[in-house]
J.: 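The structure follows.
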Amino acid sequence: MIEARHLRVLRAVATTGSFSAAARELGCTQPAVSQQMKALEASAGTPLIVRAGRGMRLTQAGEALVRHAAGILAGLTAAEEEVAAIAGLRAGRVRLVSFPSGSSTLVPTALAALRAEHPGTQVSLEEAEPPRSVEMLRAGDCDVALAFRYGGAAGSAESQEWDDLVVRPLLSDRLVGLVPQGHRLASAESVGIGELAEEPWIAGCPRCRGQLVQVCAEAGFTPRIDFATDDYPAVVGLVGAGLGVAVLPRLAVEAVRGRGVREVRVEPAVRREVVALTLTDLEQVPAVAATLRQLERAAAARV
């Protein structure tokens, strides 16, 4: 019989590449990791790891087991949390991953309300942009992922990529233009994206950068990107210093109030859909359900 603790050890070994590194990650000794791997191989009836030079690699059977481990462990976590909540033995625990502008706008409101309603619930927060946050969810490294996608059409590639996940739509986040305070278009109520064709650009995160290039291409030009950074305050600061223009999601602009910057409405409108994602097994866990509910309330309060 394959035990969950053995699967956790196998995942750690596969992720870190060695018994010693897995031991450090799991907070145990290397001999303990070695013993549990031997026990798992005995249960499986076949080798799962083979040594390759100074390192090690998974066998075909090991790769198959690691592939299934995330779903198995997520299902087990869901069962443990639900049973514990019903029996009243312990409070819930939620691991939340969010993109930065979500962390500074939606998440604080949601977690403050969650703590007020369920003071015993423990929530950890880590930042990651999609698709990394979605990968973490599927790998069992978080319980809820705050993510976004552009367009949000039901038939889009990103929509199909999320078919195996529970998707809770939160809000539609419009992109807004940022220009230096003394810019020729700073006093305009709205600006066509084509009017910025000759401007130097400051681009944001890779996904937002790709969306910018696509929108500009549809308007008939290729943006000259002078600076690119994942740090939204840096984008705003560069615009404020007169080094270029930018388009950012409204959540990002709200999270950063820079000097020397004017916000303008950009046409045609481009929006990203902000969602909360979880696994089907985890959706029924009380602490996860409460977190999703508070994220929905925090988003609804902004509309």
Side-chain angles (χ1 to χ4, degrees), residues 1-84 89-100 103 121-147 161 164-166 230 277-283 285 287-288 291:
M1 180 180 295
I2 296 176
E3 299 183 28
R5 61 194 178 100
H6 294 157
L7 289 179
R8 291 190 177 96
V9 170
L10 176 63
R11 280 189 60 214
V13 171
T15 301
T16 62
S18 72
F19 285 2
S20 57
R24 287 193 297 271
E25 180 175 299
L26 296 170
C28 62
T29 64
Q30 182 175 336
V33 170
S34 179
Q35 290 173 5
Q36 292 196 50
M37 283 303 305
K38 288 180 181 177
L40 179 57
E41 289 182 327
S43 298
T46 185
L48 302 174
I49 290 178
V50 294
R51 296 195 177 277
R54 294 184 178 180
M56 55 183 58
R57 63 175 178 81
L58 295 172
T59 64
Q60 185 177 359
E63 291 175 351
L65 201 51
V66 167
R67 207 165 47 243
H68 289 286
I72 293 170
L73 294 174
L76 183 59
T77 298
E80 290 173 345
E81 293 287 351
E82 189 168 357
V83 169
L89 296 177
R90 59 185 175 86
R93 174 181 60 86
V94 180
R95 298 166 298 164
L96 174 63
V97 171
S98 172
F99 56 94
S103 298
T121 300
Q122 298 179 356
V123 182
S124 64
L125 173 64
E126 186 173 344
E127 287 193 343
E129 298 271 1
R132 173 59 185 153
S133 56
V134 182
E135 294 169 358
M136 292 175 68
L137 178 63
R138 287 199 176 99
D141 295 327
C142 69
D143 306 307
V144 177
L146 201 62
E161 287 174 5
D164 61 321
L165 304 175
V166 175
D230 293 350
L277 304 172
T278 191
L279 301 177
T280 302
D281 286 334
L282 293 175
E283 184 183 20
V285 175
V288 171
T291 302

J.: Would a 4.5 Å heavy-atom cut-off, applied to side chains only, mark V50 and R57 as touching?
T.: yes
J.: Which pair of non-hydrogen atoms, one from C142 and one from V97, has the smallest distance, and what is that distance?
T.: CB-CG2, 3.5 Å
J.: Specify the closest pair of heavy atoms between P130 and F99, including all atoms of both residues, with the distance to one decimal.
T.: CD-CB, 4.3 Å
J.: Looking only at heavy atoms, which two atoms of A145 and S133 are closest? And how far apart?
T.: CB-O, 3.9 Å
J.: Hey, is the main chain of R93 close enough, under 3.5 Å, to the side chain of Q122 for a donor-acceptor pair?
T.: no
J.: If you compare all heavy atoms of L73 against all heavy atoms of A4, which two are closest, and at what distance to 0.1 Å?
T.: CD2-O, 3.9 Å
J.: From F19 CZ over to Q35 CD, what is the distance, rounded to the nearest 0.5 angstrom?
T.: 11.0 Å
J.: Is any side-chain heavy atom of V13 less than 4.5 Å from a side-chain heavy atom of L48?
T.: no
J.: With side chain to side chain contact (heavy atoms under 4.5 Å, CB included) as the test, would you mind laying out the steps for L65 and L40 before giving the verdict?
T.: CA-CA 10 Å; L65 201 51; L40 179 57; 4.1 Å; yes
J.: When rounded to the nearest 0.5 angstrom, what distance separates OG1 in T77 from CG in D143?
T.: 7.0 Å
J.: For a 4.5 angstrom cut-off between non-hydrogen side-chain atoms, does R138 reach L165?
T.: yes
J.: By salt bridge (charged side-chain N to carboxylate O under 4.0 Å, His left out), which residues pair with E3, not counting sequence neighbours?
T.: R5
J.: If I take atom CG from residue L76 and atom CG from residue D281, how far apart are they, to the nearest 0.5 angstrom?
T.: 10.0 Å
J.: Is the closest side-chain donor-acceptor distance between E25 and T16 under 3.5 Å?
T.: no
J.: Looking at CG of L10 and CG of L58, how far apart are the two atoms once the value is rounded to the nearest 0.5 Å?
T.: 6.5 Å
J.: OG1 of T291 to CZ of R95: how many Å apart, nearest 0.5 Å?
T.: 12.0 Å
J.: So, taking the atom named CG in L146 and the one named CD in E127, what distance separates them when rounded to the nearest 0.5 Å?
T.: 10.5 Å
J.: Could you tell me which non-hydrogen atom of A147 sits nearest to which non-hydrogen atom of L277, and how far apart they are?
T.: CB-CD1, 4.0 Å
J.: Are any side-chain N or O atoms of S98 and backbone N or O atoms of S103, one a donor and one an acceptor, separated by less than 3.5 Å?
T.: yes
J.: State whether the side chain of T59 and the backbone N or O of P47 hold a donor-acceptor pair below 3.5 Å, judged by distance alone.
T.: yes
J.: Closest heavy-atom contact between M136 and A128?
T.: SD-CB, 4.0 Å
J.: So, E129 and R132, do they make that salt bridge, N to O below 4.0 Å?
T.: no
J.: Side chains of V144 and V94: closer than 4.5 Å at any heavy-atom pair?
T.: yes
